[in-house]
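These notes are about the structure you will find just below.
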Amino acid sequence: MNTFKQICKAFEEMDAVSYSVVLAEKAKDILPALHAITGDAVSGVGAFATFIMGAIAADGRLAEEEYAICEPALKLFFGDEVDYETCRKTVLQLSAATRELKKCVDDMVDILGELSDELKSDIILVCLMICAVDGKVSAKEKRWIKQLIRE
């Protein structure tokens, strides 16, 4: 089994508490680094939010587990009025807008190209964890992650 499949499998089997701990630890490193690169906190948070929403929307659906694990960050980024149903509809709209989604991925890959290898790996790891939180990294999600890696 290749390394990518092994990593996917490990994240698919991870418990919710471990997800939360790892995501919180990674966010502590990622947000300040994105802030330093973009020059301001709002742009840094916006860039991180783009990666999170991309990971959530990668398979075209929003699992309740994905929402639950990302809810604190989503509320931080988008406000308290964000709920599961609003996010689910947004994911469906993103999935229907193929050209916009492709541009979003291209923009994300451009951002990754400006980062250190360690920070790039951390962001991709967070995205993969979000994809795996429902217990399965789908083929669509794997393709999306591989697009981020290809940079």
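- Here the CD-CD1 distance, from Glu141 to Ile56, works out to 10.5 Å after rounding to the nearest 0.5 Å.
- At a threshold of 4.5 Å between non-hydrogen side-chain atoms, the residues Lys142 and Phe4 count as touching.
- Using a 4.5 Å heavy-atom cutoff, the side chains of Asp59 and Lys136 are not in contact.
- Within the 4.5 Å cutoff, side-chain heavy atoms of Leu148 are placed close to those of Cys127.
- The side chain to side chain donor-acceptor pair (under 3.5 Å) test applied to Asp15 returns Ser18, not counting sequence neighbours.
- Nearest heavy atom pair, residue Phe48 against residue Ala27, reads CE2-CB, 4.1 Å.
- Summarising the local packing, CD of Glu13 is surrounded by more than 12 heavy atoms from other residues, nucleotides or ligands at distances under 6.0 Å.
- Using a 4.5 Å heavy-atom cutoff, the side chains of Cys131 and Phe11 are not in contact.
- Shown here are the side chain to side chain donor-acceptor pair (under 3.5 Å) partners of Glu25, two or more places apart in sequence or in another chain: Lys28.
- Put simply, OG on Ser116 and CG on Asp122 are 8.0 Å apart, with the number rounded to the nearest 0.5 Å.
- Here Ile130 contributes atom CD1 and Tyr19 contributes atom OH; the two are 10.0 Å apart, rounded to the nearest 0.5 Å.
- Between the CG atom in Leu62 and the NZ atom in Lys89 there is a gap of 13.0 Å [rounded to 0.5 Å].
- Rounding to the nearest 0.5 angstrom, the gap separating the CD1 atom in Ile149 from the NZ atom in Lys120 is 8.0 Å.
- Judged purely by atom type and a 3.5 angstrom limit, Tyr67 has no side-chain atom pairing as donor or acceptor with the backbone of Arg88.
- Of the possible polar contacts, one joining the Glu12 side chain to the Val137 backbone as a donor-acceptor pair under 3.5 Å is found.
- Side-chain contact between Leu119 and Asp29 is absent, with no heavy-atom pair separated by less than 4.5 Å.
- Rounding to the nearest 0.5 Å places CG of Leu115 at 5.0 Å from CD1 of Ile123.
- Put simply, Ile30 and Val21 are part of two different groups of oily side chains (I, L, V, M, F, W, Y) that touch within less than 4.5 Å, one to the next.
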